[in-house]
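What follows is a set of notes on a single structure, which appears directly below.
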Amino acid sequence: MSEYTDDNLDQVDGVADFDAFFAEEAEPEKRGVPLRLYGRTYTLPAALPALFTLLLQRVRDSARPEDIRRLLAALFGADAPDHWTENGMSDRRLAIVLAWAIANIAAPGSVSMERAAELYDEREQAKAAGKAPARKTPAKGKPRAKAKATAKPRSSGKRS
């Protein structure tokens, strides 16, 4: 592949060459924050991988174990989810580890383990108290009219 030209620094052979651009822009390799969990040491990536960001959107609308496994593997490695479940990891602990990891990838040292646990517990308490917004809330519109009393049994409320 040819070198950049003075006439057009962002193209090589008429093609926008991001490989060359990123090679010139490269900074020294940053090392991610290490953590130990269930006897293993994991090193977080120095930046959130694109795969994680893309999968996060998918997982928000999915409870498929495969999606969650791929999301965790993007940060911790392919065998981490199995190792954690074999060691009895709870939902609470998983959420705390994820909150801590995401915060510390963005800004190492920004959130302690204790603070990640507090944030999780505060969010769960707010949900339990009904203060946390539901994921999908219906649009507020006109108040519904009271249903007329009939002899029919009550339905589940779902329309067919």
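Formation of a donor-acceptor pair under 3.5 Å by the Asp17 side chain with backbone atoms of Asp19 is found in this model.
Annotation: side chain of Tyr120 is not in contact with side chain of Gln125 (no heavy-atom distance under 4.5 Å). Here the side chains of Thr41 and Leu35 are not in contact, with every heavy-atom distance at 4.5 Å or above.
Put simply, Leu56 and Val97 are part of the same group of oily side chains (I, L, V, M, F, W, Y) that touch within less than 4.5 Å, one to the next. One hydrophobic cluster, built from ILVMFWY side chains closer than 4.5 Å, cannot hold both Leu119 and Leu44; they sit in different ones. Linking ILVMFWY residues whenever their side-chain heavy atoms come closer than 4.5 Å, directly or via other members, places Trp84 and Val33 in the same cluster.
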N/O donor-acceptor pairs under 3.5 Å from side chains in residues 98-105, not counting sequence neighbours:
| residue | atom | partner | partner atom | Å |
| --- | --- | --- | --- | --- |
| Trp100 | NE1 | Val111 | O | 3.0 |
| Asn104 | OD1 | Gly109 | N | 2.7 |
| Asn104 | OD1 | Ser110 | N | 3.3 |
| Asn104 | ND2 | Trp100 | O | 2.8 |
| Asn104 | ND2 | Val111 | O | 2.9 |

Atom pairs and distances, side-chain donor-acceptor, residues 66-81, under 3.5 Å, sequence neighbours left out:
| residue | atom | partner | partner atom | Å |
| --- | --- | --- | --- | --- |
| Glu66 | OE1 | Arg64 | NE | 3.2 |
| Glu66 | OE1 | Arg64 | NH2 | 3.4 |
| Asp67 | OD1 | Arg58 | NE | 3.4 |
| Asp67 | OD2 | Ser62 | OG | 2.7 |
| Arg69 | NH1 | Asp82 | OD1 | 2.7 |
| Arg69 | NH2 | Asp82 | OD1 | 3.3 |
| Asp79 | OD2 | Arg40 | NH1 | 2.8 |

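Nearest approach of Ala95 to Arg123, heavy atoms of both residues: CB-NH2, 4.4 Å.
A salt bridge does not link Glu122 with Lys127: none of the charged nitrogens is closer than 4.0 Å to a carboxylate oxygen.
Here the CG atom belonging to Leu94 is positioned 5.5 Å from the CE atom belonging to Met89, to the nearest 0.5 angstrom. Of the inter-residue distances, the one linking Ile96 atom CD1 with Ser90 atom OG reads 7.0 Å to the nearest 0.5 angstrom. The CZ atom of Arg93 lies 9.0 Å from the CG atom of Leu37; values are rounded to the nearest 0.5 Å.
Below 30°, between 30° and 60°, or above 60°: for Phe18 and Phe22 the angle between ring planes is between 30° and 60°, a tilted geometry.
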